[in-house]
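Read through the structure below, which is laid out as structure tokens, and then see the notes.
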Amino acid sequence: MLKRPGLRHESLSDKIYRFRGVLLIVSVPLLLITFVLFLMPATSPSQSLSIRKVPSDLRSPKSYAVIFDAGSSGSRVHVFCFDHRLDLLPIGKDLELFVQIKPGLSAFANDPREAANSLVTLLDQAQNVVPKDLRPKTPVRVGATAGLRALGGDASDRILQAVRDLLKHRSTLKSEPNGVAVIDGTQEGSFQWVTINYLLGNLGKKYSNTVGVVDLGGGSVQMAYAISETDVANAPRISDGEDSYVKEMYLMGTKYFLYVHSYLHYGLLAARAEILKVSEGSSNPCILVGYHGIYKYGGEKYKVAASPSGSNMDECRRVASNALKANESTCTHMKCTFGGVWNGGGGDGQKNLFVASFFFDRAAEAGFADPNVPVVKVHPAEFEEAAKRACETKLADAKTIYRRVEEDNLPFLCMDLMYQYTLLVEGFGLDPWQEITLVKKVKYGNSLVEAAWPLGSAIEAVSSIT
Ligand SMILES: O=c1[nH]cnc2c1ncn2[C@@H]1O[C@H](COP(=O)(O)OP(=O)(O)O)[C@@H](O)[C@H]1O
Ligand SMILES: [Ca+2]
């Protein structure tokens, strides 16, 4: 595991004896370097964050953080307030300020100013809950996820620049050098893991007592869980430019090795496009009968046509599975999820899985999770059962049966639920009857806090203030 470059001592010549003074001078720094290398792990997981409690005398008793989540389907702002022990303090009657709007920044691809302006109401509300004197000390971050990731290049840079300008002119909060940026998927996944484990009170415990997380966004899906140090050695080497599979983190005095991977284009809304591509040119077996239209995603348009005989769960499963490329891609690692991605090796850090975002939303809309209960235990099989029911429904009837589903989403209900089942079981290799926890919010003290990555980012932002 550890690199220990040894010093070779050979007692072969008088020369060495003659130059012993020089050797002594050279060997002291060499020994020091050897000692430093000895302390470093041989495999070098990319380090992501280091969170520690800061003694109260080093900082004010309260620290605020303002985190914007520029998601692919909407923008949100979260404001948190921490005490010196890094516990959450109330903001008003809640433990966070959380406000959201739709659509996300990527919907304004051709108009960066308009994109930035869409954040104004969020910014004003966020700033208003931070006491005036603390604003210049309060970090503000804007993390854009899959929407801008997929947009890429110039368009994304221009939007981010417009957001920087907005913050500069309209806020007195503290900007960090790289505070407005597209965050990479592994960061998003690890922040999500930190959020949930922080709220559950798991940080500082052994890795085997933490929970794993899956976050199904619109554009991408992330999985993250802690693995043992011995499993780190099994992590496949990755080529330049790829994200490393393992992040090393120091949280509340404990070192964790986090397996984390983000799958771009496999968020729920992006996957619709992938599934429609599989059936391109003909009808799609996942679409509720009675629907013909266009699906727009990421600046592209896809023809959507239901099969005249209606949607069919088994055929829908086939196209969903096809879109996931679960079986066809070559897996060069011991075990893969899909698309040739290492599965992390499993283990105790994954036995409890907290599954968030669209998994929760669709389960609630399909009627097998209570939308008013923020944490619900279910089995992947329930997504399949719900898919079966949805796939047997005609669009004309769906409106009255599924009152919680937004009209635009109705034609896709069979597809969404079947995709979610396929992703969990074929993609991530879960047992259909394994218990998983759907999560929207987590109880912390007497309040509920959003189970989303911004809290992890806020914790990092305030713990680096000294
Ligand atoms: O802070 C949050 N609280 C609750 N749900 C959230 C939050 N952030 C995102 N979501 C859920 O995530 C899904 C949308 O994902 P998003 O727009 O963030 O896509 P992305 O993560 O792929 O960019 C929706 O189901 C939305 O309700
Ligand atoms: Ca998200």
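First listed ligand is number 1; within each ligand, the first listed atom is number 1. The model shown is predicted, which means the values in this text are computed figures rather than measured ones.
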For the residue pair L105 and L119, establish whether any side-chain heavy-atom pair is separated by less than 4.5 Å.
yes

Pairs involving residues 384-403, ordered by first then second residue, that meet ring-ring contact (aromatic ring centres under 6.0 Å, His included) (sequence neighbours left out)
none

Mind jotting down which residue pairs meet the ring-ring contact (aromatic ring centres under 6.0 Å, His included) criterion with at least one end in residues 102-128? Sequence neighbours excluded, please.
none

For ligand 1, the residues whose heavy atoms come within less than 4.0 Å (ordered by chain, then number)
D69, G71, S72, S73, G74, R76, H78, F98, T145, A146, E188, G217, G218, G219, S220, S357, F358, D361, K440, E450, A452

Candidate pair T138 and K174, rule side-chain contact (heavy atoms from CB on, under 4.5 Å), full reasoning
CA-CA 5 Å; T138 298; K174 183 175 137 208; 5.7 Å; no

Exercise answer: donor-acceptor pairs, residues 214-225 side-chain atoms, under 3.5 Å, sequence neighbours excluded:
from, atom 1, to, atom 2, distance (Å)
D215, OD1, S357, OG, 2.5
S220, OG, R149, NH1, 3.4
S220, OG, Q222, OE1, 2.7
Q222, OE1, S262, OG, 2.8
Q222, NE2, E188, OE2, 3.4
Y225, OH, N343, O, 2.6
Y225, OH, G344, O, 3.4
Y225, OH, G346, N, 2.9

So which of Y266, F359, Y263 actually passes ring-ring contact (aromatic ring centres under 6.0 Å, His included) with F428?
Y263

